Every structure is written in structure tokens, then in C-alpha cells.
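Just so it is clear, the structure is predicted and the values come from calculations on it, not from any experiment. Indexing begins at 1, ligand by ligand and atom by atom, following the structure's order. The first residue of the sequence shown is numbered 1, and numbering continues consecutively from there.
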Amino acid sequence: MTTIRLHNTKTRRKEEFIPLDPENVRMYVCGPTVYDRAHLGNARPVVVFDVLYRLLRHVYGADHVTYVRNFTDVDDKINARAAATGRDIRDITDETIDWYHADMEALGTLRPDQEPRATEFIAPMVAMIADLVAKGHAYEAEGHVLFAVESYANYGALSGRSIDDMIAGARVEVAPYKRNPMDFVLWKPSDDQTPGWDSPWGRGRPGWHIECSAMSYELLGASFDIHGGGNDLQFPHHENEIAQSACAHPEGEFARYWLHNEMLQVEGKKMSKSLGNFFTVRDLLDQGVPGEVIRFVMLGTHYGKPMDWTEVKRAEAEATLRKWYGVLHSHGMTPDAVAALKKAGKWVMDSEFLGVLANDLNTHGAMARLHVLAKARTAAGLAPFAVGLEVLGLIDDWTALPALAGKAVAERAVEGWVDEVVVNLLDKRQAARAAKDFATADQVRDLLNAAGVQVTDVAGQASWQPGPDFDPSKLEDLR
Ligand code: AMP
Ligand code: ZN
């Protein structure tokens, strides 16, 4: 079995990944708060953990991986949006979830196996909070329930800080009812205008952190394999999740491997709504940047490093992808060919590609290997390349290949003189064939081949497109 190695934030080391149960590998990733379109930064963890999900499915089998990603649909930002627009909260969250699905699907990401909404798990959250109070890890004060950080000795272990460091470094919300300034909210009271649920502490709503602890417990158990999210969540969100889960379920380990993606940046600063330096995934799609190009750019940087979105990267990604799809298309990688290759046992993963990717998701290295694999010149020879594209999520549906490759034709600027020369050559070929002058017809064909021109003959009508090795300079002499 392939060895996957992952950088575990918890131990700060790259470790061999050994699942608790290879029959059911379990991963939880913190999802979005749903009140607005996802910006490009929000898409980074989605793409990163999608690649990990695909890799796990490849190694352990598609039916042996459970991926959970939540929707935070109770939050003060959502309440504020509803108040500002006069719209119903459920309308806003439903609409935002639909947008999210559409935008993330455009990036070629698979839906997780479960996408729990926080509002559907209020009862388990209330039960967990009550349990924490009963065990002395939480206390009620002025209608709030707070987690007592001093009751959990390992608080701060994930981010490597002591409680005193945190108090010194953080913008702590000071509240008179907190015993320690780092204590965080598990439950807070709601007024009549704010969504609320009945609880032992009155009508109220949960704090943010408790939802991930409660939902991961319900869906994945007290111990599971991987927990992911952006590194902006490491503190306080993940630190708080660990504290809650470890204290409520001391019998379990909670998450064993923690993975954090670095931030997507604009001009060296984290892209975020609060800084206002963001654009949405939808903005890019609407500008005509295809989802697979956005995905390709993201995979070009290791998830553990900050990445910049730049126009140069977009253009390079576009050119490479079109070439790759073109190679597969021109070598007949149709759905039938894929099915036949599978049947013949030739639909195989390249072991070097897999080894690189399994080494802490080295997507950049994996793509370098794809450049080599793309040099094969038969459908069977290209199978490992095609399988690699699938694992990176750059194609899922082989019926889409002609369209993906075809974008190259539309998007690659062909100068007018080239079209003129090629059309003249096609006419010449036609005339030669009609006159049974096969020597001339073959000569023309060779010339077109050398220039990488792809000719399609339909009902006696020839048309042409630039192929993957298109080189108009070979036609210069005929200009
Ligand atoms: P939020 O809706 O802000 O809670 O964020 C949802 C997910 O997007 C979390 O996993 C965040 O860590 C992640 N995220 C937010 N901003 C960025 C960014 N600029 N780059 C990468 N990930 C981000
Ligand atoms: Zn979370």
C-alpha cells in the first residue's frame, strides 16, 4: 500500500499517515460561514482537501473514506446580513450554500460525503455543553456558558502558546463575567430578534467553536484521522475545538493529524473580507477564467506555503492545461478508449507521480511529473498521465475532453495569415486528390502535420484547428 506522509501541525513533523480504520478513513474540514459568495482564499482549503480526499480514495478505496465539511449557518455575520437586507436568514443561508456548491463544483471539487449544517445539530451541541458544565470544564455566567481554559492543561498545545502568551498577544474580548480573559463562549443568550433555541441556560445560540466539536463527534466519533482548515483557524478555533472535545470525550483522541493550508494572498496580505482585498471565485469565472485554470494555479503552490494569485500564473496555467487536454484529445482519449484501457488493465497510476503526491501533497512536484508523462504518444501510453489528471481533479468526465481541449482553439490567437495559408493548402490538397495526384496530396499533408495543424474532414469539407504542437513558423515560407 502507498505510504502517505503528512505534515501534522500537532507534532510539527511530517509523519507517516496510519488511519485508525483503513476501512473507514475519516476527515473533517472546517467549512464556510454562509452569508456571502466564497472569495478565492476560501477556495484554497476546498481545493487542497479535495486533492487529499481524492488521494485517500485512491489509496483506501472510494467507499472507505468519509469526508465531512460543515456549513456554519448560525453566526452574527449572518444575522447582520439579514437585518441589513430584511431577508429571512434561511433564504440567505440556502442561497449562499447553492452558490458555494456551484462555485466549488466549477473548481472540480467533489462534494464531501456529509455537509452538516450547524442549525441541524443544536441538540448535540447543547448536550455537549451540558456535559462540559457537569464535568467542571464550563460555567454559566449572565446567560452565557463559557469554557474554562484553565480546566484543560493542554490548552495552547496545537499552536504552541501558553495561556499567558495568548493573553498578551491576542485581542481578547474582555467581559466582566469571564473568569479568565481567554475563556471562550459555548452558548450565548439571544434576544427576540435573533435566532435562538431553548436550552438549560435559557433561549440562546451556540458559539462558533462548539459546532465542529459536536458535529465531528456525531458523524465521525470521538477519535478520527484528519482535521483540516486554513492556518488562520489554528488559533483560537482549532485550539478551542480540541479543548472542548478532549474534555467532553476524554476516551477519544479527537483528530490525530492536523493539516493547515497557508493563506492565499494579494500583494503580500491575506485575502479576506475584513481587509476588503478580495475577489470571489464567481468574479473570476464570470471574467471567463475557467475553473480548471483556477484549480491548476492553486495546485502549483504547496498547501503549506502562502500563495499569490497573479495574472502571469493564470496565463501559464491556461496554456499548459490546453496543451495537456489537447494531447489527450488528439490521441483519442474518448470515454470508450478510457473504458477499454480500464478493461485491459492499462488504466494505471504512475508510481513516481503517486509517490510525489503522497509526500505531504506535493502537488507542484506531481505536476512536474505530469509534464514528463504527457510526452507519450499513444492513448495507452498516455493512460498514467490521464489518471494523474483525474487524481488532481483536473478532469472527471471524459465526455468533457473535446470541450476542454477545444477551448484551446477558441482561445489561442491565430494570426490571419496563418488561416489563409492553411486554407490554401487544404484547397491544394483537395485539388490534388481530385486529380489523383497523391504525391502532392501527401506532401501537403506532411507539411500540415509538421506545423501541428489538425485537419478534420467531414462530408468532403475540410476544417482545421491548431493541435497541441502547433507551430505556425513552419508555414512562414508560404506566407
Ligand atoms: P471562513 O468562512 O472565513 O470561516 O473561512 C472558510 C475557510 O476558508 C477556512 O478554512 C479558512 O481558513 C479559509 N480561508 C479564509 N481566508 C483564506 C485565505 N486568504 N487563504 C486561504 N484560506 C482561507
Ligand atoms: Zn471548525
Does the side chain of Ile242 reach to within under 4.5 Å of the side chain of Tyr155, using non-hydrogen atoms?
no

Under the 6.0 Å and 45° cation-pi test, does Lys273 pair with Tyr35?
yes

For His101, is the NE2 atom crowded, meaning more than 12 foreign heavy atoms sit under 6.0 Å from it?
yes

Quick one: does His39 get within less than 4.0 Å of ligand 1, heavy atoms only?
yes

Please identify which of these residues, Asp283, Thr280, Asp103, Thr96, meets the side chain to side chain donor-acceptor pair (under 3.5 Å) condition with Arg37.
Asp103

Please confirm whether Gly230 comes within less than 3.5 Å of ligand 1 when only nitrogen or oxygen atoms on both sides are compared.
yes

Identify, by atom number and element, the atoms of ligand 1 in contact range of Lys270, meaning under 4.0 Å from any of its heavy atoms.
16 (N), 19 (N)

Met271 neighbourhood, listing ligand 1 atoms whose heavy-atom distance to it stays under 4.0 Å:
16 (N), 18 (C), 19 (N)

Closest approach to the Zn ion (ligand 2) by Glu241, given as the N, O or S atom name:
OE2

Per-atom contacts of ligand 1 with Pro45, taking only distances under 4.0 Å to non-hydrogen atoms:
8 (O), 10 (O), 13 (C), 22 (N)

Suppose we measure from atom 9 (C) of ligand 1 to each protein heavy atom; which comes out shortest, and what is that distance?
Leu233 CD1, 3.7 Å

Quick one: nearest non-hydrogen protein atom to atom 4 (O) of ligand 1, plus distance?
Thr33 OG1, 4.0 Å

